Participant: 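Take this structure first; my questions come after.
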Amino acid sequence: MIQTNSKEMIAMLLAGGQGSRLGVLTNNVAKPAVPFGGKYRIIDFPLSNCVNSGIDTIGVLTQYQPLELNAYIGNGQPWDLDRLYGGVSILPPYVKGSEGEWYKGTANAIYQNIHFIEMYRPKYVLILSGDHIYKMNYDLMLKHHKEKNADCTIAVLKVPIEEASRFGVMNADDNLKIYEFEEKPKEPKSNLVSMGVYIFTWDKLKEFLIKDEGNKNSDNDFGKNIIPAMLEEGQNLYAYEYNGYWKDVGTVESLWEANMDLLNPNVPIELNDPPWKIYSRNGILPPQCIGENAKLHNSSISEGCKIDGEVENSIIFPGVIIEKDVIVSNSIIMPSTIIESGSLIEYSIIASNVVIEKNSQIGLNKKPILNNEKREITVIGQELIITEGTIVPAGVMVDKSILEKGA
Amino acid sequence: MIQTNSKEMIAMLLAGGQGSRLGVLTNNVAKPAVPFGGKYRIIDFPLSNCVNSGIDTIGVLTQYQPLELNAYIGNGQPWDLDRLYGGVSILPPYVKGSEGEWYKGTANAIYQNIHFIEMYRPKYVLILSGDHIYKMNYDLMLKHHKEKNADCTIAVLKVPIEEASRFGVMNADDNLKIYEFEEKPKEPKSNLVSMGVYIFTWDKLKEFLIKDEGNKNSDNDFGKNIIPAMLEEGQNLYAYEYNGYWKDVGTVESLWEANMDLLNPNVPIELNDPPWKIYSRNGILPPQCIGENAKLHNSSISEGCKIDGEVENSIIFPGVIIEKDVIVSNSIIMPSTIIESGSLIEYSIIASNVVIEKNSQIGLNKKPILNNEKREITVIGQELIITEGTIVPAGVMVDKSILEKGA
Amino acid sequence: MMSNVLGLIFSYSERENLREMTKTRTLASLPFGGKYRIIDFILSNYVNSAIYDIFILTRNNYHSLVDHLGSGKEWDLTRKRGGLRILSPFSNPGSNETGVYKGTIEALSRNMHSIRRSMAEYIVISGSSILCQMNFQDILKSHIERNADITVAYTRAMNGCNIIPQGVNLLKMDEDERIHDLIINNDDINAQDVTCDIGVIVLKKSLLESLVADAMSYGRYDFYRDIIQRLSSTLNILGYECKNHIFEISSVTGYMQANMNLLNEDVRKNAFVQPIYTKVKDSVPAIYLEGCHVKNSIISDGCKIEGSVENSILSRGVKIGKGAIVKNSIIMQNAEIMKTVILDHVILDKDVMVRENRHITGHDTYPVVIEKFSIV
Amino acid sequence: MMSNVLGLIFSYSERENLREMTKTRTLASLPFGGKYRIIDFILSNYVNSAIYDIFILTRNNYHSLVDHLGSGKEWDLTRKRGGLRILSPFSNPGSNETGVYKGTIEALSRNMHSIRRSMAEYIVISGSSILCQMNFQDILKSHIERNADITVAYTRAMNGCNIIPQGVNLLKMDEDERIHDLIINNDDINAQDVTCDIGVIVLKKSLLESLVADAMSYGRYDFYRDIIQRLSSTLNILGYECKNHIFEISSVTGYMQANMNLLNEDVRKNAFVQPIYTKVKDSVPAIYLEGCHVKNSIISDGCKIEGSVENSILSRGVKIGKGAIVKNSIIMQNAEIMKTVILDHVILDKDVMVRENRHITGHDTYPVVIEKFSIV
């Protein structure tokens, strides 16, 4: 009924995965809603990339624990996505005939929302996932897609060849045309790996989605099924090389590292970048307060914090309270957590709304540390209470409150 | 993370039902999204009642064919429900642990969204359904609820006692305290019937929802389980009498009647009521155009229409084209339908995006009509094409295009 | 896909004469075409061309415009980045006169502080006295491809206007559409073979900044005379033809004609080929009561008609009583016409009430205008 | 639950002296408490009291206010019904002076056309020179229960102000809080036992309409002198005590003091007991680099600190270079303080740059104010 113009490209963001490798951090929230970088959530990165690239219509496919994610996205206003026509839409599974159907795989999730996509009559569809940290102009990628007259363009990254076997590897000719795709090959033939960012010409994708859905043996997955099928049928698949910072934050270690990268001036991920802002939903909090006894070194601290202790090489999220005589180093403290006086925290990720009571020690390493050895990361799950004087050794993942000393 | 004030009362709108008694009209859309009254959808009535009553936080529980309903509600802006905190939220079923769960009944749908309700820390919860046409100030009902110190208040309507057996009947004392509830009793003891509008004190409702969920034999339904259980346990249930216009539009006949009521000055449902506007999502359409050959009698016509024929006692929705030498009488023509020249339409509901080609006859009654006999309603389903010269007799429900003459 | 264009709209015209209709409102907020205001057509051009960063320059009487536009939601222009902004004429705090600019150049200069902060590369300027469906991306593309310094949109026929009104700029172009001179029309003329400016100009923001600064320093205030005409030999100023229907609204007769043209089906189709956004009023559908006669008219939501309406345009919420006859007239919002009134060639402004039995008749060449809130 | 209250905010004060700080902005848009503007505290009082229908009366220099508030989204005031509306001082088209009202009553009178259209029954008026967390539903309840004609909020101690500044209204009340007289404070005084008006007034809309019309017809323009004082014997004018912390901002020293009070934890808790909404800027978190020393300060998002900061309030995006020392100062948005600068008792307005090695020192009783955009 509403007359409107069609959209050239819309984005579909796969946010349904459980993210089990993030352990206690995704017990109650979907991975894209995990806090990152002092005030953001992981999903802020693909969403902000979209709006900064001029894409104003985004479907977010959710399935697992979507409540917090849904509330976070809300009407999309923080990302300027509260549009009358387009904007951000949450797309959960639903009942069609007499029964409902959950999303079986990434491709099936898109398949089930063909009707949604067709509402906007797009020429191209951008497929994104919700667990990568990067700043990317999808508009340049689209230009490349059009220039190559591609059916599908896959964003790729050059990695050291010895790391390539952890990824999907694209084997492409000089013209960047992909002739082979190998998922986590033992002997990678190329160092171009997929970033999980695809642009498809919609008509073509739709055809392959419908075909794939008819195949009972398919996992209905882009990497495993759709891309190989397209290659097999001789479609035009092209690689698009991206040169900036990109990090998969699917594990505790990589999440910690990506946060620490923000404090390292030598790593090329600058968030303070006015023409390419990362937008996020801001809490309504007063500015941070730094007390008489605070000592701050190379750290990032957010709104609503009250800091009266020592903070070094750490990322402190909004609303955190750090009392005096606390030392926090090389750690990530998520929103509204309280660290009481006398506690020591090292190489840890403390999730949101945790209370670390007085004189506790989290993540301290008693072993001697060898050169170049990576420190193990300690994780405390959401909303836990760690009682006074508790010692949580390095590398432990805590998912229940510790209410008695020595427990 | 966002500090906010609690809400005194929030509304939960049950919009998940399939509405099978509306036949072809709900083949592809949920009942609350069915067009009504010339420019509205059924759900506009409870939504507008909420905002006019000062309720700004509404959860809409959807399950069946929600796409069109979701797109219609969008960010809630047409109802002034695009709030930073609160507003309208669509609540589909989702995956919690390792698998998802569909809504089993009305009470289970609320049960599955306890977490959503608790986000707003409401004192009271208003439960509404999405298939009634009425204008009601829920704030007055809340006042009554508080005055009576009730655990649950049920809005009731006085009906002729002979009709009461079609409804849930409330047997209440002089003080309006309910002592018995009978679902569609053969011998109704009272003419107070439930309108399907409940206010619960949230703590109490939560307690009964959890209890009901534990009962394996329960249908998890408000009328069948929650209300009887509360009565049984001696809770304070009160009736709140409503005196205005109210109509359940769950059948084709009642939907037609309710539309016709709008054209009857003697029926007390006035939509042109500035302090109690019914809001709706407006299409972006130009004003209506009345041509050289038009004849209009006691009809309601909406934006974007082009009328060059004769229209009598009919409701014409936005974007309808009625060509010359057409006669439409006692009918409802839903959005963007085209009636080509020479066609005759009587006592019909033509759904949206239908094309009635030239010289067709829809709903004409060949039998003599007795006094007081109700005319049968003819229904043409969404997006159908009725070929030139087709005759669709009275009372037929068409759910496939008629592409050949005489078919 | 990414927009790097800023829209600038002049909400007023320096040459309009619309009698009582613009006494308390700026031209851009004048009702037009039933439920619309003039600004709706202009803003929709920008939104439909995917330009979402828009400033509206005002001079005076712009309260009605602020009221109509609100936060810009209905045009999808409530945005964190860009969106709609009304620049009130206060911008230069040093000045002691407010709201009166010496010309378009001074208006631009006083608002240059805001314009400069936009990150846009190009600017598309529109006026408010000529309406036309236009895709600004097309004119922009032509501007870039033809390497123009300034592109000026023009129309050849002024379709829809019987005569070319005074004050319209007539462009002199060579065969490559390069503009080499400009004449300001001094008479209402009937000429056939002229090319008329329609108030749409495209240029780079940086060029606008320097042209305006330069003109101001010489005390030159008129964009057309002092920039386009004066610099036509040094800059590459090109024309761009707009072939869509033109609505010219700078006089009462022009306004009447422009409205009446919408009753023509081809004109209407052309005008509404893209969506025209406007303020949502949540009115009920129009009601046609027993005994009404309505012919060849445009009727808006919320009207209630018991009488006769012919060749007329009714805005929202108009009531026409039993036995009343309304012909060749424009009736604005919430006007109430009681029983057996006769109106012919009349423009009733908003909230006018015409009591029973009154007869008012104007003429094609001089429609009667009844001021807002009048009771006749 | 349903709101029938209209909020009216005066965005300016007739008695403020804030030197360069209000040269190009109205008082209500002055930065305060780090990332906020004064209007944020006032508007949040309304929103937290569930009053969503608000007019802001302006006099001049209100562009910065329009910029800050935008569509009102961040205060959840972008609404179809009610919401936020800035009334520009143009309202009376007949007048040839714009933006200068003879007094509060004339300001109300000129905007009465807009006020009258609101469907509210009650009006809650706030000024901009005194801030205080207040629940307006409480004062309204007391107004209705005590059958007051007008309720005037007052504070006993002016907590947080060492002295009571000139121009504050001192209320004389009997033991039932009925106001029988009003004195306008002529000296900066240190008195203990006075009751000071804090600029919040509650009354029925219908009463406001008639009082204003009446005063205007006699050429009386001051709400306090000409309505509250003059009519204190005929109307039931009651006081309502506000016990929360008061921030009084009508002089530079008052402004400095009010900001510094926020460094006190109890004051801060009291001020932020309810959410204070403000414009979202999407700044990055504050970065504290190696070698910084920060003590007893309020720091906003987007700051980057390499030097020392003590007893100071930093707004968003402030940069403090290596070796710089900032003490007892207020640094507004995007100021840049280079290496080894020393600032003590200084107020740096927005976008000021202080080059290397500069030392600027003010005093408690006379803080130095550096104007917006200055380069020192």
Side-chain angles (χ1 to χ4, degrees), chain B residues 36-40 44 48 51-52 75 77-80 82 259 262-263 265 269-274 276-308 310-320 335, chain C residues 32-36 40-41 44 47-48 71 73-76 78 262-265 268-269 271-306 309-319 334:
Chain B
F36 177 82
K39 65 176 281 197
Y40 308 96
D44 290 331
S48 301
V51 294
N52 288 329
N75 67 359
Q77 193 268 336
W79 304 269
D80 220 5
D82 53 334
N259 272 286
L262 296 176
L263 296 174
I269 173 87
E270 174 60 85
L271 300 186
N272 193 4
D273 179 4
W276 205 272
K277 274 190 180 175
I278 304 301
Y279 298 94
S280 66
R281 186 174 290 276
N282 287 262
I284 312 295
L285 291 169
Q288 57 197 277
C289 238
I290 309 297
E292 285 291 339
N293 308 296
K295 288 191 191 131
L296 310 174
H297 314 274
N298 194 37
S299 293
S300 155
I301 300 179
S302 287
E303 290 191 325
C305 288
K306 254 192 60 191
I307 310 290
D308 208 22
E310 194 171 337
V311 179
E312 193 183 353
N313 295 328
S314 295
I315 304 261
I316 314 295
F317 280 75
V320 167
Chain C
F32 179 75
K35 66 172 182 169
Y36 301 100
D40 297 333
F41 286 81
S44 298
V47 172
N48 290 327
S71 66
K73 254 190 192 179
E74 276 111 346
W75 296 263
D76 214 2
T78 311
L262 281 173
L263 292 174
N264 176 300
E265 185 156 352
R268 206 167 55 235
K269 271 195 184 144
F272 294 110
V273 67
Q274 297 213 67
I276 305 295
Y277 302 90
T278 188
K279 186 172 182 174
V280 170
K281 293 262 178 131
D282 297 295
S283 320
V284 297
I287 297 285
Y288 297 87
L289 295 166
E290 208 50 56
C292 75
H293 297 276
V294 182
K295 257 175 95 166
N296 194 36
S297 293
I298 289 178
I299 312 286
S300 303
D301 266 11
C303 289
K304 201 166 184 177
I305 303 177
E306 269 189 280
V309 178
E310 194 174 334
N311 301 328
S312 294
I313 311 242
L314 270 55
S315 195
R316 284 160 168 161
V318 170
K319 289 198 185 72
N334 295 330

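Everything numeric here is computed off the predicted structure, so don't read it as measured data. A note on names: the letters A, B, ... follow the listed sequences, proteins ahead of strands, and every chain is numbered from 1.
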Participant: Given that the side chain runs from C-beta out, which part of C/Ser44 has a heavy atom under 4.5 Å from chain B: side chain, backbone, both or neither?
Facilitator: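 Neither part, no heavy atoms under 4.5 Å.
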Participant: Can you give me the closest heavy-atom contact between C/Lys295 and B/Glu292, atom names plus distance?
Facilitator: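 That would be CE-OE1, 3.0 Å.
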Participant: Counting C-beta onward and ignoring hydrogens, is there a side-chain heavy-atom pair between C/Tyr288 and B/Ile290 closer than 4.5 Å?
Facilitator: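 With C-beta onward as the side chain, the pair touches.
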Participant: For C/Glu74, check salt bridge (Lys or Arg N to Asp or Glu O under 4.0 Å) against everything at least two apart and list the hits.
Facilitator: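 C/Glu74 satisfies salt bridge (Lys or Arg N to Asp or Glu O under 4.0 Å) with no residue once adjacent residues are dropped.
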Participant: Check this for me: C/Lys281, atom NZ, are more than 12 non-hydrogen atoms of other residues, nucleotides or ligands nearer than 6.0 Å?
Facilitator: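 Yes - once you tally the heavy atoms of other residues, nucleotides and ligands closer than 6.0 Å, there are more than 12.
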Participant: Could you tell me which of C/Arg316, C/Lys73, C/Glu310 has the largest number of non-hydrogen atom pairs under 4.5 Å with chain B?
Facilitator: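 Sorted descending by pairs with chain B, the first entry is C/Lys73.
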Participant: Run the side-chain contact (heavy atoms from CB on, under 4.5 Å) test against B/Lys306 and tell me which residues pass, sequence neighbours left out.
Facilitator: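 So B/Lys306 forms a side-chain contact (heavy atoms from CB on, under 4.5 Å) with B/Cys289, B/Ile321, C/Glu265, C/Arg268.
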Participant: Could you give the distance from CG (B/Leu262) to CD1 (C/Ile287), rounded to the nearest 0.5 Å?
Facilitator: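 Answer for the CG-CD1 pair, B/Leu262 versus C/Ile287, is 8.0 Å.
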Participant: Just give me the residue among C/Ser297, C/Gly33, C/Gly34 that pairs up with chain B most often, heavy atom to heavy atom, under 4.5 Å.
Facilitator: C/Ser297
Participant: I'd like to verify something: which residue of C/Thr278, C/Ile298, C/Leu314, C/Leu262 has the highest number of heavy-atom pairs under 4.5 Å with chain B?
Facilitator: C/Ile298
Participant: Are more than 12 heavy atoms, taken from residues, nucleotides or ligands other than C/Lys319, located less than 6.0 Å from that residue's NZ atom?
Facilitator: no
Participant: Hey, is NE2 on C/His293 packed in by over 12 heavy atoms from elsewhere, all under 6.0 Å?
Facilitator: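 Counting neighbours around NE2 of C/His293, 12 or fewer heavy atoms of other residues, nucleotides or ligands fall under 6.0 Å, so no.
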Participant: Where is the tightest heavy-atom contact between B/Leu296 and C/Cys292, given as atom of each residue plus distance?
Facilitator: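 In this case the closest contact between B/Leu296 and C/Cys292 is O-SG, 3.4 Å.
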Participant: Looking only at non-hydrogen atoms, find the nearest pair between B/Ile284 and C/Ile276 and report the distance.
Facilitator: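 Minimum heavy-atom contact is CG2-O, 3.3 Å.
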Participant: Is B/Gln77 in contact with chain C via its backbone, its side chain, both, or neither, using a 4.5 Å heavy-atom distance?
Facilitator: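 Just the side chain, heavy atoms under 4.5 Å.
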Participant: Is it the case that over 12 heavy atoms from other parts of the model lie below 6.0 angstrom from the NZ atom of C/Lys279?
Facilitator: yes
Participant: Looking at every non-hydrogen atom in both residues, tell me the closest pair between B/Ser300 and C/Pro285 and how far apart they are.
Facilitator: OG-CB, 3.3 Å
Participant: Could you pull out the closest heavy-atom pair between C/Asp301 and B/Gln288, with the gap in Å?
Facilitator: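 Heavy-atom minimum between the residues: OD1-NE2, 4.3 Å.
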Participant: If every non-hydrogen atom of C/Ser283 is compared with every non-hydrogen atom of B/Tyr40, which pair is closest and at what distance?
Facilitator: O-OH, 4.1 Å
Participant: Need one label for C/Val280: side chain, backbone, both or neither, based on atoms under 4.5 Å from any heavy atom in chain B.
Facilitator: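 The side chain, not the backbone.
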Participant: What I'd like to find out is whether the side chain of B/Asn282 reaches to under 4.5 Å of the side chain of C/Asp282, using heavy atoms alone.
Facilitator: yes
